[in-house]
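Please read the structure below before turning to the comments.
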Amino acid sequence: MDYRFKAIEQKWQKAWKTKQTYKVEVNPDKPKYYVLDMFPYPSGAGLHVGHPLGYIASDIFARYKRLNGYNVLHPMGYDAYGLPAEQYAIQTGQHPAITTARNIARYREQLDKIGFSFDWDREVQTCDPAYYKWTQWAFIRMYNAYYDYDAAQAKPIEDLVKAFESNGSYKPGQQVALLNVACSEEMAFTAAEWKAMNEEQQHNVLMNYRLAYLGDSMVNWCSALGTVLANDEVSEGVSIRGGHPVEQKVMRQWCLRISAYAQRLRDGLDNVDWTDSLKETQRNWIGRSEGAELVFKVKDSDSSFTVFTTRADTIFGVTFMVLAPESALVSELTTAAQKAEVDAYLASTKKRTERERIADRRVTGVFSGSYAINPFTNEAIPVWISDYVLAGYGTGAIMAVPAHDARDYAFARHFNLPIIPLIEGADVSEESYDAKEGIMMNSGFLNGLTVKEAIERTKTYVADNKLGRIKVNFRLRDAIFSRQRYWGEPFPVYYKEGRPYMLDEKDLPLELPEVDRFLPTEKGEPPLGNAKNWATSEGYPLELNTMPGFAGSSAYYLRYMDPHNDQALVDTAVNHYWKQVDLYVGGTEHATGHLIYSRFWNKFLYDLGVVCEEEPFKKLINQGMIQGRSNFVYRIKDTNTFVSYNLKEAYEVTPIHVDVNIVSNDILDLERFKQWSPDYANAEFILEDGRYVCGWAVEKMSKSMYNVVNPDDIVERYGADTLRLYEMFLGPVEQSKPWDTNGIDGVNRFLRKLWSLCTSEEDFSFSNAEPTPEELKALHKLIKKVSWDIEHFSFNTSISAFMICVNELATLKCNKRAILEPLIILLAPFAPHFSEEIWEALGHTDSVCDATWPTCNEAYLVEASINYPISFNGKTRFTLELPADTDNAAIEAAVMAHPASQKWLEGKNPKKVIIIPKKIVNIVV
RNA sequence: GCCCGAAUGGUGAAAUGGUAGACACGAAGGACUUAAAAUCCUUUGGCCAUAACGGCUGUGCCGGUUCGAGUCCGGCUUCGGGUACCA
């Protein structure tokens, strides 16, 4: 009987739908398991064969867990807001909601064909008001919260107001130490001063502490496009799209105080099962450095400023100070004599993005005219301004120690500033000595100490003499949360007297309004400025910005737990059942974006008591990228003649991409090529052995390379089960690899071979005979291997194991129920349609999804004899079959008695004989 | 520059420190067939040798540890990914 995959797959996809096979509910009687894929952005191009790779892996795991008795949550949805739909809307006038819905429908159709075990009743779309209601809700909660470092927790802003009322911004009962809370800038005021403030002043003060706050940040502003651009959208001072001028501008935008969580985001990495490289990437991104803040007085002035340093021990080598050009101190410290020069410098840096400033390592800078006083030596040191210091990190000012910092060194050399070595034996004539090793010199009371000791001594000195304070700094910056776009979540914010206020939670969701055009307004406002009546019922104007892409993806995993709840983001009892994502599968490209934001978002909700787990994603697997494998034809210059790959050297040729879908095993289908484009209708060919052989290369999978392979085409030709198997068979999931449809026949043959074991000419056919030890061994070897492999996400090797087992059973002509039934359960996670069909044929009325995973009986695996490799000096020379229970002495005797041994001993006595029982024998001569 | 990862046949790849190349694809030869498809069998890292047995060599490069290294350690090379003057 033929394996008719099309009919089988349609039959079971329909059955699963009607029987709601994949519907899942909270069930306290079963252990839970939550398997999640990073949800896709539904692009207009549809899925290509690379997208389902991670989904197939997670689906196998989800099905495996279910077979092992778990209640498995395995949902899917769409990250539906995004720029491509908006861009398309600007070009065509087509509303992004319409294109997005169309793309989602197409994705769904493609996903359905692959046979995933998603519970579609739980689908979420980030652009659905019922969904983004909870994104807006979380934003309001962040606005109404501040972060208490001492409690390491977010708290309601009312608590902070109470603290201000009783003791100002100082710690309870103190007038010196400030509250240890996250803020944009340190503010010192008493309770009396707080109470004396008017509403607007208090409003502004609180904004300094809120977790969602309006803040000033430096952005790449493009007035022609009416929007802020990311660093990689700008080059040489103009926008990449359109080439419009871009300038650095301070803009007031919504920000999330994610930096408050830096320490916890770092610490939390110790409690998740992610790869070390991914955790390391996050640690670097968070970037913790321990150091000291030192206060420097300005010479001949009452003012002073603070710098952050991790090398306070090098204070005796400070020969100049540097301010970031954006620093507020610049105008304060620039003297009249230097003003013109400084202004010119500021104007030139303003044109360049931060990235450009960083990328080219030209040394630039200007002297401010002022001097600072070294608090340790009381010497006057010049204050410079240079763009190698960033306003956004530390205090935007540094003390420069050219002898021991490469950047300071380059600067000192360029401007001829003194370089004082502080470590014995360090040669700083050519480059700085940056290592934290050696014995101090030229450093007053630190002389003779090691660098490590000096760092500690300096810290104590700074604290004792009140010259500054010990501080931990993080690289992680607050997230800018405003976008000048249409297609995103509206902020639940309105403005009264220019001040922002949150909508009442009961008025959520605030739905995205209709606009007649998706571009900025004439006045340069964001697209929402085009909306009519975009105001509260009282007439207060609503926020015109929308939220960024990561807003909707930061808590979607929680919403899947309870997707239809309109009273809460997620019900507490439901959250306590599903807890967190046990397995998260997605690409590495989200390492520092989504995976930081959602951890932050989750921790915030945890502080609020909304969720019970502090980390959202317990285990994470990164699937590799599927690259394209392009094919080429070679056209002889100035002709319409194409020469086959191995003959092309004799001609001058132009390689041309050819659609991989008209090439098979690198052999071009000539007829289809002629039809492919009118240009080639009259093409002529120089063939080798009557065939046209194409060249190939691994490139990105993209339309322009004509190497896109569509999963629908594969399903059409081979079936979904073959596609699933082949995607997994290609290699380890984490590894990137090119897609090459050549080779898919192998897994397809495997399925057909197994099918023919289960069938006769006309019908299914199983034997009820007792299995032989050989058959049992083949099966139990497979059970052991597949179970281990799935647990370790090594799906490619399990498929090999299936092939080996089926090859063995085919040789044994085994169609015994006792063997095939467990085998089908093992195969069910990989090839669900195929397995359901056989499972039904075996007489079952329930789904194979609810079978029980077989267990391996080691007794069947015991080998009676071992084929020992016999090696001499580590080189295997022959093998020797011995009973498994032969002891070492007997093994040695048997080896020595073997005629081949005499040859390799060459008459010498063995120095040593190493016998590893059941493994190997090695004779050292 | 820094951090992370990788490198094994014509191709995708496999190998708790223990017979390198399992399992597949492709290729070559053969069986069945009027023919083709499908299926089945044989060979397939390289070199040498051959009637046959066989021998040498081989996991990016150079060293080291070990009875034994694709695997562990040190030093490189190349490629891929991330990051970007973080004081």
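Numbered from 1 within each chain, the chains take letters A, B, ... in sequence-line order. Bear in mind the structure is a predicted one, so any value in this text is a computation, not a measurement. FYI, side chains are in, hydrogens and waters are out, and symmetry mates aren't considered; it's all heavy atoms of this structure.
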Check: Pick the nucleotide of RNA chain B nearest each of A:Ile744 and A:Thr395; which residue has the one closer to the 5' end?
Finding: A:Ile744

Notebook entry, point to check: So, is A:Arg283 near the phosphate of B:C4, with a side-chain N or O under 4.0 Å from OP1 or OP2?
Noted result: no

Notebook entry, point to check: Separation of A:Ile626 atom CD1 from B:G12 atom C1', in whole Å?
Noted result: 11 Å

Note to self: Does B:G80 have its OP1 or OP2 closer than 4.0 Å to a side-chain nitrogen or oxygen of A:Gln735?
What the structure shows: no

Item checked: Charged N-O contact under 4.0 Å between A:Asp666 and A:Arg629 -> yes

Note to self: Considering every strand and a 4.0 Å limit on heavy-atom distances, what is the contact class for A:Ile916: base, sugar-phosphate, or nothing?
What the structure shows: base

Margin query: Any base atoms under 4.0 Å from A:Lys737, or only sugar-phosphate, or nothing? Heavy atoms, all strands.
Written below: sugar-phosphate

Check: Does any nucleotide pair with B:C2 by Watson-Crick or G-U wobble geometry, both distances under 3.5 Å, and what is it?
Finding: B:G82

Next item on the list: Going by the salt bridge (Lys or Arg N to Asp or Glu O under 4.0 Å) test, name the single residue among A:Lys753, A:Lys777, A:Lys781 that passes it with A:Glu808.
Entry: A:Lys781

Check: Is A:Lys919 side chain donor-acceptor paired with the B:U16 base, going by distance under 3.5 Å alone?
Finding: yes

Note to self: With a cut-off of less than 4.0 Å, is there a side-chain N or O of A:Arg877 near OP1 or OP2 of B:C56?
What the structure shows: yes

Check: Is there a Watson-Crick or G-U wobble partner for B:U66 with both distances under 3.5 Å, and which nucleotide is it?
Finding: none

Note to self: Expressed as a whole number of angstroms, how long is the span from A:Ile920:CD1 to B:A15:C1'?
What the structure shows: 13 Å

Next item on the list: Calculate the interatomic distance between A:Asp408 atom CG and B:A87 atom P; express it in whole Å.
Entry: 12 Å

Checklist line | Short side-chain N/O contact from A:Arg752 to OP1 or OP2 of B:U39, under 4.0 Å | finding: yes

Next item on the list: Taking only the side-chain nitrogens and oxygens of A:Arg749, find out if one of them lies under 4.0 Å from OP1 or OP2 of B:G26.
Entry: yes

Notebook entry, point to check: With sugar-phosphate meaning primed atoms plus P, OP1 and OP2, does A:Ile804 contact a base, only sugar-phosphate, or nothing at under 4.0 Å between heavy atoms?
Noted result: sugar-phosphate

Note to self: Using a 4.0 Å heavy-atom cut-off, does A:Thr588 contact any base of the nucleic acid, only the sugar-phosphate backbone, or nothing at all?
What the structure shows: nothing

Next item on the list: Taking A:Ser736 for its side chain and A:Met625 for its backbone only, find out whether a donor-acceptor pair lies under 3.5 Å.
Entry: yes

Next item on the list: Look at A:Thr275 and B:G5 and indicate whether a side-chain polar atom (N or O) is within less than 4.0 Å of OP1 or OP2.
Entry: no

Check: Just checking A:Pro738: base, sugar-phosphate only, or nothing, at a heavy-atom cut-off of under 4.0 Å?
Finding: nothing

Note to self: Could you identify the nucleotide paired to B:A37, looking across every strand shown and requiring Watson-Crick or G-U wobble geometry with both distances under 3.5 Å?
What the structure shows: none

Item checked: A:Tyr345 side chain to A:Asp387 backbone, donor-acceptor under 3.5 Å -> yes

Check: Okay, side chain of A:Asn622, backbone of A:Glu734: is any donor-acceptor separation there less than 3.5 Å?
Finding: no

Next item on the list: May I ask which nucleotide in the shown strands pairs with B:U42, Watson-Crick or G-U wobble, both distances under 3.5 Å?
Entry: B:A28

Next item on the list: Looking at every strand, decide which applies to A:Phe729 at a 4.0 Å heavy-atom threshold: base, sugar-phosphate, or nothing.
Entry: base

Margin query: Categorize A:Asn922 for me: base, sugar-phosphate, or nothing, with a 4.0 angstrom heavy-atom threshold over every strand shown.
Written below: base

Next item on the list: Consider the side chain of A:Glu280, meaning its heavy atoms from C-beta on, and name the nucleotide among B:C3, B:C86, B:A14 that approaches it most closely.
Entry: B:C3

Margin query: Would you say A:Asn807 places a side-chain N or O within less than 4.0 Å of OP1 or OP2 belonging to B:A24?
Written below: yes

Next item on the list: Identify whether any heavy atom of A:Asn796 sits under 4.0 Å from a base atom; if not, whether one sits that close to sugar-phosphate; answer base, sugar-phosphate or nothing.
Entry: sugar-phosphate

Checklist line | Nucleotide paired to B:U8 in any strand shown, Watson-Crick or G-U, under 3.5 Å | finding: none

Notebook entry, point to check: Ignoring hydrogens and geometry, is there a side-chain-to-backbone donor-acceptor pair from A:Ser644 to A:Tyr692 under 3.5 Å?
Noted result: no

Checklist line | Touch class at under 4.0 angstrom, heavy-atom based, for A:Lys785 against every strand present | finding: nothing

Notebook entry, point to check: In the structure shown, which nucleotide is the Watson-Crick or G-U wobble counterpart of B:G58, with both distances under 3.5 Å?
Noted result: none

